[in-house]
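Below is one structure, written out as structure tokens, with a few remarks after it.
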Amino acid sequence: MGSARLPIVNQIRRLRFEHGEMTQGQLAEKIGMTRQTIAAIEAGKYSPSLEAAFRIAHVFSASLDDVFQWDE
């Protein structure tokens, strides 16, 4: 796969900044992941598990559709 982007896009970066300029590390700590994993998800290089996706959405009080979108 290399550096190919996944068909799932996300709004994590925007949401982090809308929530007090939360860092990737702070988000990672809230959901029990590493900063590197958050960075990879945010960059579209890694798809989170369904559980992780729900945890991320919950941190932002958002629906999954507000955070993640399918981009065919």
Side-chain angles (χ1 to χ4, degrees):
M1 184 189 302
S3 64
R5 294 185 62 81
L6 299 169
I8 298 172
V9 295
N10 67 75
Q11 306 302 314
I12 296 173
R13 179 176 166 78
R14 178 182 59 79
L15 289 164
R16 285 192 302 104
F17 281 91
E18 289 176 358
H19 286 78
E21 298 190 11
M22 181 186 301
T23 66
Q24 290 175 337
Q26 289 168 327
L27 176 58
E29 188 173 317
K30 288 177 182 287
I31 65 166
M33 298 184 103
T34 66
R35 185 203 61 77
Q36 292 86 348
T37 301
I38 296 297
I41 294 169
E42 198 173 287
K45 296 178 179 177
Y46 176 77
S47 289
S49 68
L50 188 54
E51 179 182 350
F54 273 107
R55 287 177 185 266
I56 291 167
H58 184 262
V59 166
F60 298 122
S61 300
S63 71
L64 280 180
D65 285 349
D66 289 337
V67 182
F68 299 96
Q69 298 82 39
W70 181 261
D71 184 27
E72 294 188 65

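We use all heavy atoms of the structure for the numbers below, so side chains are in, but hydrogens, waters and symmetry mates are not.
Placement of Phe17 and Val67 in two distinct hydrophobic clusters is found when ILVMFWY residues are connected by side-chain heavy-atom separations under 4.5 Å, directly or transitively.
Heavy atoms only, all atoms of each residue included: Ile56 and Phe68 are closest at CD1-CZ, 4.1 Å. Ala28 and Arg35 make their closest contact through CB-N, 3.6 Å (heavy atoms, listed as atom of the first residue, atom of the second, distance). For Ile41 against Asn10, the heavy-atom pair with the smallest separation is O-ND2, 2.8 Å. The two residues Glu21 and Gln26 come nearest to each other via the heavy atoms O-OE1, 4.2 Å. Here the closest heavy-atom approach between residue Lys30 and residue Val59 is recorded as CD-CG1, 3.8 Å. Of all non-hydrogen atoms in Asp66 and Arg14, the two that sit nearest each other are O-NH2, 4.1 Å.
The CD1 atom of Ile31 sits 9.5 Å away from the CD atom of Glu51 when rounded to the nearest 0.5 Å. Between the CG atom in Asp65 and the CH2 atom in Trp70 there is a gap of 13.5 Å [rounded to 0.5 Å]. For the atom pair CD (Gln24) and OG1 (Thr37), the distance works out to 10.5 Å, reported to the nearest 0.5 Å. Note that CD of Gln69 is 10.5 Å distant from CG of Leu64, once rounded to the nearest 0.5 Å. Taken to the nearest 0.5 Å, the CG atom of Leu15 stands 12.0 Å off from the CZ atom of Arg13.
Taking a 6.0 Å sphere around CD of Glu18, one finds it holds more than 12 heavy atoms contributed by other residues, nucleotides or ligands. Dense packing is recorded around NE2 of His19, with more than 12 heavy atoms of other residues, nucleotides or ligands lying under 6.0 Å away.
Using a 4.5 Å heavy-atom cutoff, the side chains of Arg16 and Glu42 are in contact.
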